[in-house]
Amino acid sequence: MTDVPMLKAEAVCKRFGRLEVLQGITLEVRRGEVMCLLGPSGSGKSTFLRCINHLEKIDAGRLRVDGELVGYREEGDKLYELREADVIRKRAEIGMVFQRFNLFPHMTALENVVEAPVLVKRVPRARAAERGRELLDRVGLGDRTESYPAQLSGGQQQRVAIARALAMDPKLMLFDEPTSALDPELVGDVLDVMRRLAEAGMTMVVVTHEIGFARGAADSVVFMDAGVVVESGPPSEVFDNPRHERTRAFLSKVL
């Protein structure tokens, strides 16, 4: 099964009312690969990310993670939505880091990391805490386990959020503009953690405006606009020799 893509999207469509946000997205991410999604605001990048773990329901197409449909079972050519408990179990295999850190303010860094493995995966609390300390150490916060979110900088909170996602041992990590809410001097620490994850072989899909990160860490870059994939390929190809005028116009503003 190792030749099965970790993520496979086939003609994925998503509408909000009459607005078609995704218009037939087709792409693949192999195991251990990092894909960066670029594009202007409103191009559908974040919506696509939310569809991958079924935070948004798709209107057409197929989305598979590790060969299995996300949120649905298929009978014939029809999709039937899974029960919420089954959706939650599948979602636990997909880590997600949001633009806003979404930490529990009344819990310490360690408690934030430990909570989901204990509640969702029934990991004994002592074992989850031991793993939580390892993960916080891995993201450079081994000395802040007892700090509350309000006592941490934005960059530190985002690194706690990454540790929290990793605590579920996900097959796939999704990052939705993880540095866009941070002060510029705090961005580097978060990107360093993400680079180390990529080097360790974590499969990642990253919505980002950080071109340097995409150029250095991504195996493939996808440029989206108005709900379609305009262009995709290796970073050197997309950044240095874009084929489409729309891609060139976007890159001229961000490079």
Side-chain angles (χ1 to χ4, degrees), residues 34-38 41 45-46 49-50 52-53 55 91-121 123 125-218 254:
V34 177
M35 175 181 281
C36 283
L37 302 181
L38 308 178
S41 295
K45 309 179 302 295
S46 294
L49 221 60
R50 291 171 66 84
I52 293 172
N53 68 358
L55 287 173
R91 192 180 287 145
E93 299 176 349
I94 305 169
M96 186 154 183
V97 177
F98 298 88
Q99 190 172 344
R100 297 281 169 188
F101 327 121
N102 295 351
L103 299 179
F104 295 114
H106 62 289
M107 293 183 177
T108 65
L110 182 60
E111 287 167 345
N112 266 282
V113 173
V114 163
E115 192 69 5
V118 171
L119 288 182
V120 179
K121 297 182 89 172
V123 176
R125 190 167 287 273
R127 196 163 91 224
E130 184 181 349
R131 170 91 168 126
R133 288 190 184 89
E134 287 172 12
L135 288 169
L136 286 168
D137 197 43
R138 185 173 169 187
V139 299
L141 294 173
D143 59 340
R144 302 307 297 268
T145 56
E146 300 308 312
S147 298
Y148 288 90
Q151 299 170 314
L152 300 172
S153 71
Q156 289 171 329
Q157 289 185 60
Q158 192 60 295
R159 284 184 280 152
V160 173
I162 293 172
R164 178 179 60 182
L166 292 173
M168 296 294 283
D169 293 319
K171 298 176 176 181
L172 171 67
M173 282 283 283
L174 309 177
F175 293 86
D176 189 7
E177 298 194 30
T179 59
S180 64
L182 301 179
D183 293 334
E185 67 268 23
L186 303 176
V187 167
D189 291 339
V190 173
L191 292 179
D192 284 344
V193 169
M194 293 169 64
R195 281 191 194 94
R196 290 199 300 272
L197 277 181
E199 288 163 6
M202 175 61 74
T203 312
M204 294 160 56
V205 180
V206 184
V207 173
T208 185
H209 294 295
E210 299 288 343
I211 302 299
F213 174 82
R215 188 187 281 276
V254 298

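The analysis underlying the following values was restricted to heavy atoms, covering all of them including side chains, and did not include hydrogens, waters or symmetry mates.
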Open item on the list: Any heavy-atom pair between the side chains of Leu37 and Met35 that's under 4.5 Å?
Closed with: yes
Task: Minimum heavy-atom distance Ala218-Cys36, with the two atoms named - done: CB-SG, 3.8 Å
Can you give me every donor-acceptor pair (side chain of residues 112-120, partner residue at least two apart or in another chain, under 3.5 Å) with its distance?
{"residue": "Asn112", "atom": "OD1", "partner": "Phe104", "partner atom": "N", "Å": "2.7"}
{"residue": "Asn112", "atom": "ND2", "partner": "Phe104", "partner atom": "O", "Å": "3.1"}
{"residue": "Asn112", "atom": "ND2", "partner": "Met107", "partner atom": "O", "Å": "3.1"}
{"residue": "Asn112", "atom": "ND2", "partner": "Thr108", "partner atom": "O", "Å": "3.1"}

Just list the side-chain donor-acceptor pairs under 3.5 Å for residues 193-202, sequence neighbours left out, or say none.
{"residue": "Arg195", "atom": "NH1", "partner": "Asp192", "partner atom": "OD1", "Å": "3.0"}
{"residue": "Arg196", "atom": "NH2", "partner": "Arg138", "partner atom": "O", "Å": "3.1"}

Task: Residues in side-chain contact (heavy atoms from CB on, under 4.5 Å) contact with Gln151, at least two apart in sequence or another chain - done: Arg144, Ser147, Tyr148
TODO: Give a yes or no answer on whether the side chain of Gln158 reaches the backbone of Gly155 with a donor-acceptor pair at less than 3.5 Å.
DONE: no
Open item on the list: Quick check against the 3.5 Å criterion: does Arg159 have a side-chain atom that pairs as donor or acceptor with the backbone of Val190?
Closed with: no
Report, one line per pair, each donor and acceptor closer than 3.5 Å where one atom sits in a side chain of residues 160-183; sequence neighbours left out.
{"residue": "Arg164", "atom": "NH1", "partner": "Asn102", "partner atom": "O", "Å": "2.9"}
{"residue": "Arg164", "atom": "NH2", "partner": "Phe101", "partner atom": "O", "Å": "3.0"}
{"residue": "Arg164", "atom": "NH2", "partner": "Asn102", "partner atom": "O", "Å": "3.4"}
{"residue": "Asp169", "atom": "OD1", "partner": "Arg131", "partner atom": "NH2", "Å": "2.7"}
{"residue": "Lys171", "atom": "NZ", "partner": "Asp66", "partner atom": "OD2", "Å": "2.7"}
{"residue": "Asp176", "atom": "OD1", "partner": "Ser46", "partner atom": "OG", "Å": "2.7"}
{"residue": "Asp176", "atom": "OD2", "partner": "Ser46", "partner atom": "OG", "Å": "3.2"}
{"residue": "Thr179", "atom": "OG1", "partner": "Glu210", "partner atom": "OE2", "Å": "3.3"}
{"residue": "Ser180", "atom": "OG", "partner": "Gln99", "partner atom": "NE2", "Å": "2.9"}
{"residue": "Ser180", "atom": "OG", "partner": "Glu177", "partner atom": "O", "Å": "3.2"}

- [ ] Before giving the answer on side chain to side chain contact (heavy atoms under 4.5 Å, CB included), spell out for Leu38 and Val254 the whole-Å C-alpha distance, their side-chain angles and the decisive distance to 0.1 Å.
- [x] CA-CA 10 Å; Leu38 308 178; Val254 298; over 6 Å; no
Task: side-chain contact (heavy atoms from CB on, under 4.5 Å) partners for Arg50, two or more places apart - done: Leu55, Glu56, Met96, Phe98
Task: Qualifying residues under side-chain hydrogen bond (donor to acceptor under 3.5 Å, both in side chains), relative to Arg127, sequence neighbours excluded - done: none
Task: Closest non-hydrogen atom pair, Leu103 against Pro149 - done: CB-CG, 3.9 Å
